[in-house]
Amino acid sequence: MEYNHKDIESRWQRYWRDNETYRSKIDPSKPKFYVLDMFPYPSGAGLHVGHPLGYIASDIYSRFKRQQGFNVLHPMGYDAYGLPAEQYAIQTGQHPEKTTTENIARYRSQLDKIGFSFDWSREIRTCDPEYYKWTQWAFMEMFNHYYDLEADKALPISELEERFAAGGADAVKAACSRELHFSADEWKAMSEKERREVLMNYRIAYQGETMVNWCPALGTVLANDEVSEGVSVRGGHPVEQRLMRQWCLRVSAYAPRLLSDLDELEWSDSLKETQRNWIGRSEGAEMRFPVKDSDIELEIFTTRADTIFGVTFMVLAPESKYVDMLTTPEQAEAVKAYLAEVKHKTERERQIEKRVSGVFTGSYAVNPLTGKEIPVWVSDYVLAGYGTGAIMAVPAHDSRDYAFARRFDLPVIPLIEGADVSEESFDAKEGIMINSAGPELNLNGLTVKEAIATTKRFIEEKGLGKVKVNFRLRDAIFSRQRYWGEPFPVYYKEGIPYLMEESALPLELPEVDSYLPTSDGQPPLGRAKGWTTPEGYPIELCTMPGFAGSSAYYLRYMDPRNDHELVGEEADGYWQDVDLYVGGAEHATGHLIYSRFWNKFLYDLGKVVKKEPFRKLVNQGMIQGRTSFVYRIKDTNTFVSHGLKGDYDTTPIRVDISLVSNDILDCEGFRNWRPDFADAEFLTEADGKYHCGWAVEKMSKSMFNVVNPDDIVERYGADTLRLYEMFLGPLEQSKPWDTNGIDGVNRFLRKFVGLFSRADLAAKDAPMSREESKVVNKLIKKVTQDIENFSFNTSVAAFMIAVNDLSALKSTNAEAIRIITVLLAPFAPHIAEEIWHELGGEGSVTVAAWPEWDEEAIKDDSVKYPVSFNGKARFVVEVPAGTSPKEVEAIALADPAAAKWIEGKEVKKVIVVPGKIVNIVVK
RNA sequence: GGAGAAAUGGUGGAAUGGUAGACACGGGGGACUUAAAAUCCCCUGGCCCUUAUCGGCUGUGUGGGUUCGAGUCCCACUUUCUCUACCA
C-alpha cells in the first residue's frame, strides 16, 4: 500500500461526516464523558500551529474514551463577540457579523483538515440570538436574586422584599454594596423608586457607582482581568480610574465558595494557587479609631493588629468618604488641590512615577490603646476598593508606610526585637515584640503570631473592632460601551432600570450606521433607530462583556437547540459537568472565575446539578515561534552563514520561516522574497549550504515565524501534524515550534504502512509469536497509561519502538498490526481507519474497542531474555530492606536461576538493585 | 514585592528512589544507485587507555543533607520562564 495522505485523509473525513460517526446522544446505558476545549475567538489571522495543540490532545483523549466504551460529548463552537471584530468594523465600516462569519468559516475549514472528532451538530456561536437569549436570561435571573449570607446561596429578590417588610434591613444578612439600615415601617413608607434603589444595593446583577477601569482609547470600561500593569490587555492602551454608573455582577458574594471548592478540583496546583491569590482571602481585624474633637470613628482594616503600638499616622484613599468629613477648614485648599492632581493621573502614571505623594487633612485620630493622637493623611497609595479605604500606618513594618513616613518626616517606631529600620522597613511576620505596652494590653515578649491573636481577642472583647475576613476579589463590571456584544434586556423608566419581559428574549442587536460612540459620548447603540420598548422607554445602550457569553457555554452544548431552557433537566442530569477541560492558563483569573461563579449561581437556582463546572483541567503550553535569521555583512548585500558570521560585522535579519528547512536557507526563494534581496550573495559553509541562526519568540506575523497548520497538512498530512504536535514535548510545557523533527514522525507512519504491506493477510488468524505478543502487549500497557497521564509524547515514542521491534522480528503477523492500528486510532485516525479497513475491519476503527493488555505476555523471562539484552541477565531476588549492595550481590550469584545462567561463563559485572533486580553481565 | 514552574548531550526531550540520556532530530560512517532522492544497516554525553578489542574514569545548574542507593526526596543558593501586584 502506498501512503498517500491527501487521498486517505479526505476520504475518511468525508466518511465520518456522512456517517455522523461522532454525533453524541444521551444514552443512559453508557457512562458519559464530557471533553471540552476552550472555544476559540475567530480572529482574522486564522489558526496557527499553536492553536490546535490543545485540540489534538483533547481529541486523542475523546477518541480513547470512546474506544473504552464511554459516551463522549466533544463539542466545539466560537466565542464570537469581541473587540477585534469591532475595531475592524470601525476601520472598514463592515458589520462585525460579516467578518465574524467569514472568520468562522475559515476556522472551520482549518479545523476540519486536522480530523477532529467534534460533534458539529452541537456547534454554538455566542453572537447567535438563539444562544445569547440564554446569556440575557441569566442576567435577568441575577437581577432578580440576592445573595443571602445565612442560607449561603442566591435567593429570589421577592423574598428579600418580604423580609424587609417584616423586619427591615437588619432582619436580613445579605451581600450588598453598602450597609443599609431601615426599619420595616420605613421600608413600607418608601416609594417604588426608593425601594428599587434599595434593592439595587442587594441584587446579584446590579447597577452601581463604582471606580472603573476606563480606557479612553477603546472608549469603554474594562474588568480587572482585562487590565494589566495599567494598560488594556487588548491593544495596550492606557487605562484610568473613573467613577461611573455601571452594571456589575456580585461575584464577591461567592468568594468564599469559589475559594473552598477549589480543593475538590483536579486542576494543576499552580492554577489553583493563581485563583487563590486572585480571590485573595486575608484574615485580619476591622478596627475603629475615634477622631479627636469629633463623633466620627475612623474604620480601618489590618492584618497586622499586632503592630497597633507602632501606628504613627493614618491614611485615607483619595476617594474615601472620610476625606470630606475629616478635612479641616485650614487644610481644605491643600486637600482639594491634591485630589484634583490625583484624579488627573492615570493608573499607569501612578505606577510609573512611584513618587510618594499625599496631604494632611488637619484632623487627628486617637489610638484606642495608647490614647496618643496621630495625624490623618490622604494618599493615593491607599486603595478605595479594598478593605475600608483607610489604613493605620505602621512605617516600621510596612514598606509603603515607611516610604510615606520618610517623605513627610513622620515618626517610625520599631516593634520587633533586632529589626533595623534605619534604611528600610521590616515587613516579615516574625520576631519578638518590643515597644508594645499600653495601660490595658502588653504584647512585649510575644512572637508576632501570638501578638496578632492576642490583639484580635483584645479588640473584640473591648468592642474596639471585630475580626474580619476580607477578599481581594471584586465584583465584575458587566457593561461595555460597545456595539459588538449582547444587549441588556433592560429599559429605563424615570431613570430607573427595569427588566423586560422574558418573552422579549432574545433582545436582538440592532443595526447602526457607525460603530463609533455618538457625538455626545453615548455608546454606539445610541445611534440605533427605535431602540426603545413599544411604550417608548429607552433601552440600555451598553452591551455585555466578552465573558458573558463564555461563562455558561459548556452547559449549552449539552442541549444546544433547546428553545425553552438554557439546558434541559434530562440533558443536564446526564452530562452533568465537564470531565476534562483543556485550554490555556491565561484564563485563570478571567473566564475560569466567571464560569465557576455563573455555574454556582445556576446551582443555587437549582438549574444545574453540579457545584463546579470543570472537574479536571489541563493547561496546554504555549507554542512559541522559532524565528530564523540571516546575517548581512554591513553595507553590502552579502549574507554569511551562521557558522561563519564571527568573522564579519553583520546585522541579523529575520527571514520568513517558509524559506527555511532544517535551518537551511532556500537561497533562491530568499532572492525572490523581497526585491531588495534579489541580487543577494551568500557565503556558505563547507557543506555548500547556508545555515540560518534562530531565536525563540512569540509566534506572530511581524516576526515572520508563523506556521500555518494547513501547510503542514498539505505537505505531511493531518496524522503527521497530530503526532508531531504531541511528540514535541510535554503537553503542559511551553515550547517553540520547530519543524526540524517532523520528518521523524512522518517516517514512522510510512514505516508502519510498510510493516502492514508486508503482513500476511492470508493468515489473518495466525497467533502472535511470544516476541510479537510481548511487543504488542507492552505497547497496549504503555499507551493506555500514557493517555491517562496526558503523556502523549512518550506514547508516540512507544509506537515507534513497537514498529521498529516488529520490523526487527521480521513480523508478518496481521493480528499484531490490527491491535497497533486500534491503539493508533486516537492519534492518527485517518491512516488507522485505512489500514483497519484493508485488514477487513467493520465500521470505523475510531470506535473499535480499546484492547486490554496481558501482563503475562510482558513478564521478563530470565532464560530467554539475555539473548536480546547485550549479554546481560536480569534476575529478581528477594532481600530484606537495608541489605548492602555487596550482600545482595552474593545472594544474587547464589540464586539457582542465576547460577544456571552463569554456568561456564565468566562473570564480568554485577549491577545490583536491592529488593528488585540484579543484572549480571557475563562473557 | 508576592506566587508558581523549570534547569539532563549539538537540539527537542525519556527515566514508580534502583543500569541516566528512551524516542526523535542533527552529525559521522557504510550498503543500494551511473548519480541524486528515498530506503536500509552501524556509530554518536565527555574524558582517558588501547593498533583494535577489552576496559577505566566522569557526568543531570551550584553547595549541603537524608538513604545501602538521589536526575528524582529535604534545605540553601544561582539562573531562566510564566502569572500577579501599592490588597494594608
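Just so it is clear, the model here is predicted, and its values are computed rather than measured.
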Using the P atom as the point on both nucleotides, what is the distance between B:rC77 and B:rG2, in whole Å? 12 Å
Ignoring backbone atoms, establish whether A:Tyr386 has a side-chain N or O less than 4.0 Å from OP1 or OP2 of B:rA88. yes
Compute the ring centroids of A:Tyr3 and A:Phe752, then answer whether they are less than 6.0 Å apart. no
Between B:rA15 and B:rU72, how far apart are the C1' atoms? Round to whole Å, please. 9 Å
Euclidean distance, atom CG of residue A:Asp786 to atom C1' of B:rG13 [Å, nearest integer]: 14 Å
Options B:rC86, B:rA88, B:rC23, nucleotide nearest the side-chain atoms of A:Thr302: B:rA88
Side-chain atoms of A:Arg472 come closest, of B:rA24, B:rG4, B:rA85, to B:rA85
Which part of the nucleic acid does A:Gln733 contact within heavy-atom distance under 4.0 Å: base, sugar-phosphate only, or nothing? sugar-phosphate
Interatomic distance at P, B:rG65 relative to B:rA70, whole Å: 12 Å
Candidates B:rG13, B:rC23, B:rC87 - which lies nearest the side chain of A:Arg474: B:rC87
Would you kindly give the CZ-to-C1' distance between A:Phe792 and B:rA14, to the nearest whole Å? 17 Å
From B:rG13, B:rC87, B:rC23, pick the nucleotide closest to the side chain of A:Leu383? B:rC87
Charged N to carboxylate O under 4.0 angstrom, A:Lys468 versus A:Glu283? no
Does A:Arg747 make a side-chain N or O approach to OP1 or OP2 of B:rC25 shorter than 4.0 Å? yes
For A:Asp738, which contact category applies under a 4.0 Å heavy-atom criterion: base, sugar-phosphate, or nothing? nothing
Quick check: closest heavy atoms across A:Thr307 and A:Met392, and the distance to 0.1 Å? OG1-CE, 3.6 Å
For B:rG71, does the O4'-C1'-N9-C4 or O4'-C1'-N1-C2 angle fall within 90° of 0, making it syn, or is it anti? anti
Under 3.5 Å, is there a donor-acceptor pair linking the side chains of A:Thr720 and A:Asn746? yes
Taking atom C1' in both B:rG9 and B:rC25, what distance in whole Å separates the two? 13 Å
In whole angstrom, give the distance that lies between atom CE of A:Met622 and atom P of B:rA5. 19 Å
Scan A:Val745, A:Leu721, A:Asp743 and name whichever one has a side chain to side chain contact (heavy atoms under 4.5 Å, CB included) with A:Tyr716. A:Asp743
Between B:rU66 and B:rC73 - C1' atom distance, rounded Å: 8 Å
Distance, rounded to the nearest Å, where A:Leu749 contributes CG and B:rU39 contributes C1': 16 Å
Taking for each residue the nucleotide of RNA chain B bearing the nearest heavy atom, is the 5' side occupied by A:Phe471 or by A:Ile742? A:Ile742
Residue A:Glu266 excluded, over 12 heavy atoms near CD under 6.0 Å: yes
Between B:rG17 and B:rU67, how far apart are the C1' atoms? Round to whole Å, please. 9 Å
To the nearest angstrom, how far is A:Gln275 atom CD from B:rA85 atom C1'? 17 Å
Residues of residues 799-812 of chain A with a heavy atom under 4.0 Å from any atom of RNA chain B, listed by number, are A:Met800, A:Ile801, A:Asn804
Pairwise C1' distance for B:rU78 and B:rA85, with rounding to whole Å: 25 Å
Is it the case that atom CZ in A:Arg715 sees more than 12 heavy atoms from other parts of the structure closer than 6.0 Å? no
With sugar-phosphate meaning primed atoms plus P, OP1 and OP2, does A:Lys272 contact a base, only sugar-phosphate, or nothing at under 4.0 Å between heavy atoms? nothing
Under 6.0 Å from the CG atom of A:Asp269, do we count more than 12 heavy atoms belonging to anything else shown? no
Atom pair distance, as rounded to whole Å: CD in A:Glu586 and P in B:rU84: 10 Å
Any A:Asn793 side-chain N or O less than 4.0 Å from OP1/OP2 of B:rA14: yes
Looking only at heavy atoms, the pair that brings A:Val49 and A:Trp737 closest together is CG2-CD2, 3.5 Å
Check: A:Tyr338 ring centre within less than 6.0 Å of A:Trp377 ring centre: no
Name all stems that contain residues of RNA chain B, defined as runs of 3 or more consecutive Watson-Crick or G-U wobble pairs, both distances under 3.5 Å. B:1-7 with B:78-84, B:10-12 with B:23-25, B:26-31 with B:39-44, B:45-48 with B:55-58, B:61-65 with B:73-77
Between A:Ala317 and A:Ala588, who's closer to the 5' end of RNA chain B by nearest nucleotide? A:Ala588
Please confirm whether the shortest side-chain N or O distance from A:Arg400 to OP1 or OP2 of B:rC87 is below 4.0 Å. yes
Do A:Ser282 and A:Asn470 have side-chain N/O donor and acceptor atoms under 3.5 Å apart? no
Nearest to side-chain heavy atoms of A:Thr274, which nucleotide of B:rA22, B:rA3, B:rC83: B:rC83
When we call it a touch if two heavy atoms are under 4.0 Å apart, what does A:Pro736 touch: a base, just sugar-phosphate, or nothing? nothing
Closest of B:rG4, B:rA88, B:rC23 to the A:Ser270 side chain is B:rG4
Within the 4.0 Å heavy-atom criterion, would you say A:Ile391 contacts the bases, only the backbone, or no part of the nucleic acid? base
Could you measure between the two P atoms, the one in B:rG56 and the one in B:rC49, and give it in whole Å? 16 Å
Once you round it to whole Å, what is the distance between C1' of B:rA85 and OH of A:Tyr381? 16 Å
For A:Ser425 and A:Asp398, test the side chains for any donor-to-acceptor distance below 3.5 angstrom and give the result as yes or no. no
Under a plain distance cut-off of 3.5 Å, with no hydrogens placed, do A:Tyr402 and A:Asp427 share a side-chain donor-acceptor pair? no
When we call it a touch if two heavy atoms are under 4.0 Å apart, what does A:Arg750 touch: a base, just sugar-phosphate, or nothing? sugar-phosphate
Whole Å only: how far is the CG atom of A:Asn746 from the P atom of B:rC23? 20 Å
